[in-house]
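Quick note on labels: first sequence line is chain A, next is B, and so on, each numbered from 1.
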2 protein chains.
Amino acid sequence: MPQTKIKKRKRLSRDEREQQIIDEAVRYFAEVGFDGQTRELARRLGISQPLLFRYFPTKGDIVKRVYEEVYLRRWQPQWEDLLSDRSRPLSDRLNQFYHEYTNAIFEFEWVRILVFSGIKGVTLYQQYLKLIHDKVLDRICTELREEHNFPDLKKTPLTEREFDLAWNLHGGIFYIAIRKFIYGSEKRENFDAAIEDSIAVFLAGAPTVFEAILED
Amino acid sequence: MPQTKIKKRKRLSRDEREQQIIDEAVRYFAEVGFDGQTRELARRLGISQPLLFRYFPTKGDIVKRVYEEVYLRRWQPQWEDLLSDRSRPLSDRLNQFYHEYTNAIFEFEWVRILVFSGIKGVTLYQQYLKLIHDKVLDRICTELREEHNFPDLKKTPLTEREFDLAWNLHGGIFYIAIRKFIYGSEKRENFDAAIEDSIAVFLAGAPTVFEAILED
DNA sequence: TTCCTTATTGATCATTTGATCACTTTAATA
DNA sequence: TATTAAAGTGATCAAATGATCAATAAGGAA
């Protein structure tokens with residue numbers, strides 16, 4: 001009756017162990033928030049708690065790396081080209097973008113760590129909001145002007161109200177993720193239909209409102 | 001040179017002190033999250049830390065009362081009548097509702113404690129989402145059917161896709177509050193214009209999409 | 001196989017923090 | 001004014017928790 005795996009002290013290379021710690025830290029902190037304890041994190045990793053401090057000087061450094069790990073590698077630069085690709089209808093582009101974007105973003109770890117970061121006053125998510133503003137909403141508004149022959153950008157720069165409307169679309173979609181991962185009140189896995197409908201409403205309704213806005 | 005008010009140990013009645021503690025706890029926990037310390041809370045109140053435990057058996061009880069204090073007294077039952085008042089255009093009703101709703105809800109304390117509650121797994125906000133679903137979105141969808149002579153509710157109950165679209169409007173508006181109070185990336189105080197525009201887009205775009213949905 | 005670098009750990013420290021309790025002080029009231 | 005119920009406090013406990021360090025052991029190099 002061999003008690004397998006009760007004790008298998010394994011010696012890993014510096015890089016392997018470090019990555020292993022970060023991977024588990026992402027999972028753990030996403031679950032319980034950043035006031036989770038180093039002892040519990042070590043327990044989940046099957047290592048001693050002091051070993052963590054051999055790889056990271058302080059707990060704060062682990063948290064910092066978790067942020068980086070979660071935020072980086074998610075944004076796909078080709079999305080910027082996709083949104084601006086005028087050889088395809090804007091509706092197609094928006095649907096493809098939000099389909100891929102939500103597939104990349106709608107993950108337990110990502111959404112929760114995102115929200116935690118806002119609470120703890122971390123500036124990283126503010127950078128992310130800026131990314132959305134500059135790379136997504138700006139393009140959406142620009143393409144809408146083009147598609148409907150609205151005033152040229154050079155003469156009339158994008159207005160705050162146009163951005164607000166694009167935020168409303170984006171925020172409405174992101175709010176699905178909040179309902180799902182923060183409040184657990186949304187059980188579905190697939191939101192393609194909801195997203196398609198939201199885009200359809202936006203594209204059907206926004207031109208009218210934009211027209212009124214741009215008259216001033 | 002009299003040092004006024006340096007020490008004015010005031011003896012309050014049970015009820016007064018209790019309310020004072022809760023009021024400050026709402027402010028404090030909204031600011032730093034629920035892992036704020038009882039010592040700091042007591043310091044802000046100008047009382048000793050053990051006194052807190054004379055009024056609440058545990059810290060958890062203070063937190064519980066904070067939730068209740070923040071959630072209760074915000075929802076106005078007359079909003080339900082407002083949304084259903086067919087003597088006025090739906091556009092007017094939606095604008096008035098969201099104007100009053102955001103005035104009541106868009107507060108630092110309310111939004112942050114709301115988000116914290118989701119993270120800590122408190123069920124209170126799930127109740128709040130249900131309230132929105134049942135008392136707001138349900139009415140919006142119902143009124144849209146009426147206004148556009150869509151299929152009768154008795155024959156075709158409201159579909160998930162209709163609710164999704166209403167959620168998109170509501171979530172988009174609520175996301176303004178998240179940007180403002182959680183991420184601090186929104187400095188404006190007044191969002192009436194943004195909200196009016198969002199409602200306009202919804203009312204201009206939703207009927208088309210609803211029509212398509214209801215054909216199935 | 002032996003040596004030696006370094007990954008890993010047990011024991012422990014210092015601080016933080018929720019909670020308790022005996023004692024003090026306030027102010028209403030008899 | 002003296003009495004007394006209860007509001008309020010200082011001292012302190014116990015557990016939790018981040019961090020340190022000397023000692024141990026894994027596994028590649030010689």
Nearest whole Å is fine: how far is C/dA7 P from A/I21 CD1?
11 Å

Ion pair B/R27/B/E31, N-O distance below 4.0 Å
no

Find the distance A/L45:CG to C/dT9:C1' and express it as a whole number of Å.
15 Å

Between B/K64 and B/E68, is there a salt bridge with N-O shorter than 4.0 Å?
no

Does the separation of the ring centres of A/F29 and A/F116 fall below 6.0 angstrom?
no

Test side-chain contact (heavy atoms from CB on, under 4.5 Å) applied to B/H170 and B/I140, step by step:
CA-CA 10 Å; B/H170 188 90; B/I140 291 177; over 6 Å; no

Is any side-chain nitrogen or oxygen of B/Y55 closer than 4.0 Å to OP1 or OP2 of D/dG8?
yes

Would you tabulate the pairs of protein nitrogen or oxygen atoms and nucleotide nitrogen or oxygen atoms of nucleotides 2-6 of chain C closer than 3.5 angstrom?
{"from": "C/dT6", "atom 1": "O2", "to": "A/R11", "atom 2": "NH1", "distance (Å)": "3.4"}
{"from": "C/dT6", "atom 1": "O2", "to": "A/R11", "atom 2": "NH2", "distance (Å)": "2.7"}

For A/E18, what residues pass the side-chain hydrogen bond (donor to acceptor under 3.5 Å, both in side chains) criterion, not counting sequence neighbours?
A/R65

Separation of atom CD1 in B/I47 from atom P in D/dG10, rounded to whole Å
12 Å

Is B/R43 paired with B/E24 through a side-chain N to carboxylate O contact shorter than 4.0 Å?
no

With ring centroids as reference points, do A/Y128 and A/Y67 lie under 6.0 angstrom apart?
no

Under 4.0 Å, heavy atoms only, any strand: does B/F56 hit a base, just the sugar-phosphate, or nothing?
nothing

B/E18 CD to D/dA6 P, in whole Å, measures 16 Å

Is the shortest distance from a Lys or Arg side-chain nitrogen in A/R11 or A/E16 to a carboxylate oxygen in the other one below 4.0 Å?
no

Let me know the distance between CG of B/L41 and C1' of C/dG18, rounded to the nearest Å.
13 Å

Sugar-phosphate atoms are those with a prime plus P, OP1 and OP2; base atoms are the rest. Using that split, label each nucleotide of nucleotides 11-20 of chain D B, S or - for protein heavy atoms under 4.0 Å, 5' to 3'.
BB----BBBB

Centroid-to-centroid, B/Y175 to A/Y175, below 6.0 Å?
no

Just the rounded figure in Å: distance from C1' of D/dA22 to CG of A/L51.
16 Å

